[in-house]
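Counting starts at 1 for both ligands and their atoms, following the listed order. Bear in mind that the values here come from a model prediction, so they are computed numbers and not experimental data.
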Amino acid sequence: MGIVNQDNITDVVIGSLGQHGTITDREREIATGIIKHMHAFIKDVKLQHHEFLAACDYLARAGQLCDDNRQEFILLADILGIEVLVDMMTNPVEGNESESTVLGPFYRENPPVLPKGASTIQKHFDNEETAYFEGYIKDESGNGIAGVTIDVWEDAPNGVYENLDPDQPEYNLRGRFETDENGHYAFVAVRPVPYPIPDDETAGELLRFMGHHPNRPGHMHFIISKDGYRPLISQIYDADSDWLENDSVFAVKQSLIGKFKTAAKELGTDLHFEFDFVLKEGAAAQAVAAE
Ligand code: BEZ
Ligand code: FE
């Protein structure tokens with residue numbers, strides 16, 4: 001500890017860590033990193049006091065927006081590419097396992113449990129293109145895994161998720177499916193369309209501050225889970241969608257892009273999308289970290 005000046009302030013603050021209470025090695029590592037990088041950032045941009053006060057006011061307003069339907073800080077982290085980077089640190093791709101990407105704010109627990117091949121569509125739109133989605137969930141050796149739970153959700157053809165649209169039925173375009181004895185999954189849904197993430201309030205302020213747009217390419221969300229395997233939170237992307245190379249939340253991975261094809265007549269849909277996923281044996285990353 002000591003009297004501070006511009007040169008020693010960072011070392012003085014880091015030196016205070018754990019002086020008046022026990023902290024874990026991980027807490028020390030994270031606190032040291034925050035102090036070091038924040039101080040470097042402030043010196044780098046020569047942050048002025050009125051800018052600091054504006055940032056405090058901004059964060060206070062973001063906090064006031066948070067409720068069960070809106071988690072503003074995740075949204076801000078997404079706009080800054082933070083959530084996707086944290087996900088890549090948490091779930092590094094090893095071997096041939098499928099890539100994960102951000103969960104996003106629109107997942108709902110306990111979607112309707114539907115039989116293989118069923119439709120998630122509860123309301124039709126004039127501009128919809130129906131699609132038959134199917135594929136295999138495999139282990140790293142290429143064997144199909146039976147009894148895998150698959151939650152899927154997407155926006156409607158008007159670009160809005162059901163829970164944000166009073167004109168859509170509850171849980172429209174959401175479902176929970178299970179793979180059959182060969183690891184095969186299938187369901188009917190619509191071709192997801194590009195949509196803007198919420199761009200009002202502080203999320204919109206950040207987008208404008210960055211001179212960026214709010215749009216995401218068309219994508220279907222997946223959570224794929226089975227005991228004994230690492231759960232996979234991911235999305236598949238329409239290769240022909242706008243915004244694929246300029247996603248507002250930087251979540252597109254090359255390996256998650258697939259192609260909608262015209263469906264064979266017997267499928268009964270306009271389009272057909274085939275996509276396989278590979279799960280890695282193991283437990284959830286959080287459980288592994290806690291061991
Ligand atoms: C989404 O894909 O649903 C999403 C992801 C990040 C921020 C907003 C939306
Ligand atoms: Fe989404």
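At the shortest separation from atom 7 (C) of ligand 1 among protein heavy atoms lies Asp78 OD2, 3.2 Å. For atom 1 (C) of ligand 1, the nearest protein heavy atom (residue, atom name, distance) is Tyr195 OH, 2.8 Å. Nearest non-hydrogen protein atom to atom 9 (C) of ligand 1 is Pro105 CD, 3.3 Å. Ranking protein heavy atoms by distance to atom 2 (O) of ligand 1, first place goes to Arg216 NH1, 2.5 Å.
A tilted orientation is assigned to the rings of His219 and Tyr195, their planes being inclined by 30° to 60°. Tyr107 and Trp153 have tilted rings, their planes meeting at an angle from 30° to 60° on a 0 to 90° scale. Aromatic ring pairs are classed by plane angle as parallel below 30°, tilted from 30° to 60° and perpendicular above 60°; the pair Phe250 and His212 is parallel.
The environment of NE2 in His20 is sparse: at most 12 heavy-atom neighbours from other residues, nucleotides or ligands sit within 6.0 Å.
No close placement of the His39 and His37 rings is indicated, their centers lying 6.0 Å or farther apart.
Looking only at atom types and distance, the side chain of Ser255 has a donor-acceptor partner in the side chain of Glu99 under 3.5 Å away. Using modelled atom types and a 3.5 Å distance limit, the side chains of Thr149 and Glu178 yield no donor-acceptor pair. With hydrogens and angles left out, the side-chain atoms of Arg108 and Asn163 include no donor and acceptor closer than 3.5 Å. For the residue pair His184 / Glu134, a side-chain donor-acceptor distance below 3.5 Å is found, with atom types taken as modelled. Between the side chains of Asn215 and Asp242, no donor N or O sits under 3.5 Å from an acceptor N or O.
Taking a cut-off of under 4.0 Å to the non-hydrogen atoms of Val249, the atoms of ligand 1 that pass are 6 (C), 7 (C). In summary, the atoms of ligand 1 found under 4.0 Å from a heavy atom of Leu75, numbered by their order in the structure, are 7 (C), 8 (C). Near Tyr161, meaning under 4.0 Å from any of its heavy atoms, are these atoms of ligand 1: 3 (O). Using a 4.0 Å cut-off to heavy atoms of Phe106, the atoms of ligand 1 that qualify are 3 (O), 9 (C). Residue contact check: Gly104 has heavy atoms under 4.0 Å from atoms 4 (C), 5 (C), 6 (C) of ligand 1.
Between His219 and ligand 1 there is a heavy-atom distance shorter than 4.0 Å. A heavy-atom separation below 4.0 Å is not found between Tyr107 and ligand 1.
Excluding waters, the set of protein N, O or S atoms lying under 2.8 Å from the Fe ion (ligand 2) comprises Tyr161 OH, Tyr195 OH, His219 NE2, His221 NE2.
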**Report entry** Criterion salt bridge (charged side-chain N to carboxylate O under 4.0 Å, His left out) on Arg61 and Glu201, from CA distance to verdict
**Finding:** CA-CA 9 Å; Arg61 287 187 288 114; Glu201 306 283 1; 5.8 Å; no
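Annotation: His221 places an N or O atom under 3.5 Å from an N or O atom of ligand 1; distance criterion only.
In this structure, the side chain of Gln48 engages the main chain of Lys46 through a donor-acceptor pair within 3.5 Å.
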